2 protein chains.
Amino acid sequence: MGEQPSIELLPKQHQLLEQLVLAGQELSGQDLHARLRGTPLAMGLATVYRHLRQLQQQGLVRCRHLPSGEALFAPTERDEHHLTCVDCGRTQPLTACPIHDAHLSPEQIGGFQLLFHTLEFFGLCSDCQGRQDQD
Amino acid sequence: MGEQPSIELLPKQHQLLEQLVLAGQELSGQDLHARLRGTPLAMGLATVYRHLRQLQQQGLVRCRHLPSGEALFAPTERDEHHLTCVDCGRTQPLTACPIHDAHLSPEQIGGFQLLFHTLEFFGLCSDCQGRQDQD
DNA sequence: ATAAGAGTGAGTATCATTCTCATTCTGTCG
DNA sequence: CGACAGAATGAGAATGATACTCACTCTTAT
Ligand SMILES: [Mn+2]
Ligand SMILES: [Mn+2]
Ligand SMILES: [Zn+2]
Ligand SMILES: [Zn+2]
């Protein structure tokens, strides 16, 4: 825990990571691109996605996919997960990660160097439970 | 654990669920559509995706997204997760779910009725660790 | 100065998924 | 039995996020 490969981080990669940290919430590639437009930090969409992929490969960023297919990115240092309604899409963050640094046996890990995980819970929110059979 | 809402299951929905169970592995919407083509159980892509969404809303099916954006579906009864290499994409199943029926406080659940979860680990496989700085 | 290599981004291509909407199926009622 | 309402279906078009191309610009080393 606590990688510090700040070496080898391109300026634009550093920018993207910083934006994600500052935002305090998950952002899509499109979001990041839009946020930087007009600023001296602006960069093309291709560069945004290219660097987001590389940041993931370094374990600095992870992403989850919405049902819409859109991917939301966050710094791995922010170990946050969500509970999402399969009906209305309402989402709420969990206040703690249920697996901390889970105990995966070396056998399960099979030589991999673990970088991060994604964990999402799905269910019906109270509103949609009511609307269950009618509607 | 052990829902039995076999009531309210359309024939084609039942078919899709059965295919997923029989397959023993995750299948994409395209996979399912292709598998059924030519058989008397064939159905259009729109119907496949429509019913997959409804099966998810009933908590019978869950899905995860590959980096490619493709979604893979599985029956929720099969509580299996994966460890994927962020570099080469190689993937291996975990032999057990690290969160079983995790202990989420009612406070965290906030009125939701939990249906299923997705959990994926990412890292570097042994091969790609070697290729680390070169390449 | 020159050259090799890395980084960039506007535009285009891709392709899984969703949307449209005309058609077919199913069950009900007079 | 027709006639009709509503649900289900699927071919084809639309969508939209992401990946790819490739010419151009920087950077760095000789
Ligand atoms: Mn976590
Ligand atoms: Mn599990
Ligand atoms: Zn809801
Ligand atoms: Zn690998």
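Just so it is clear, the structure is predicted and the values come from calculations on it, not from any experiment. Each chain gets a letter, A, B and so on, in the order its sequence line appears, and its residues count up from 1.
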Fill in: Which residue lies more 5' along DNA chain D, comparing A:Phe73 with B:His33 via nearest heavy atoms
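That would be B:His33.
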When the distance from [atom1] of [X] to [atom2] of [N] is rounded to whole Å, what number comes out?
| X | N | atom1 | atom2 | value |
| --- | --- | --- | --- | --- |
| A:Gln13 | C:dG9 | CD | P | 13 Å |
| B:Leu10 | C:dG27 | CG | P | 12 Å |
| B:His65 | D:dA17 | NE2 | P | 14 Å |
| B:Tyr49 | D:dA11 | OH | P | 14 Å |
| B:Lys12 | D:dA8 | NZ | P | 12 Å |

Worksheet item: Going by heavy atoms closer than 4.0 Å, what residues in residues 40-48 of chain A are next to DNA chain C?
Response: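 Output list: A:Ala42, A:Met43, A:Gly44, A:Ala46, A:Thr47.
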Side chain of [X] (C-beta onward), nearest among [options]:
| X | options | result |
| --- | --- | --- |
| B:Arg50 | C:dT18, D:dA19, D:dT9 | D:dT9 |
| A:Arg53 | C:dT17, C:dT8, D:dA19 | D:dA19 |
| A:Ala71 | C:dT17, D:dT18, D:dA8 | D:dT18 |

Practice prompt. Compute the centroid of each ring, for B:His117 and then for B:His81, and state whether the two points are separated by less than 6.0 Å.
Written response: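 Yes: the rings meet the under 6.0 Å criterion.
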Discussion item. Classify A:His51 by what it touches in the nucleic acid, base, sugar-phosphate, or nothing, heavy-atom distance under 4.0 Å.
Written reply: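 Sugar-phosphate only.
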Worksheet item: Should B:Leu16 and B:Met43 be marked as a side chain to side chain contact (heavy atoms under 4.5 Å, CB included) after you check the CA-CA gap, both sets of side-chain angles, and the distance that decides it?
Response: CA-CA 10 Å; B:Leu16 289 171; B:Met43 64 188 86; 4.0 Å; yes
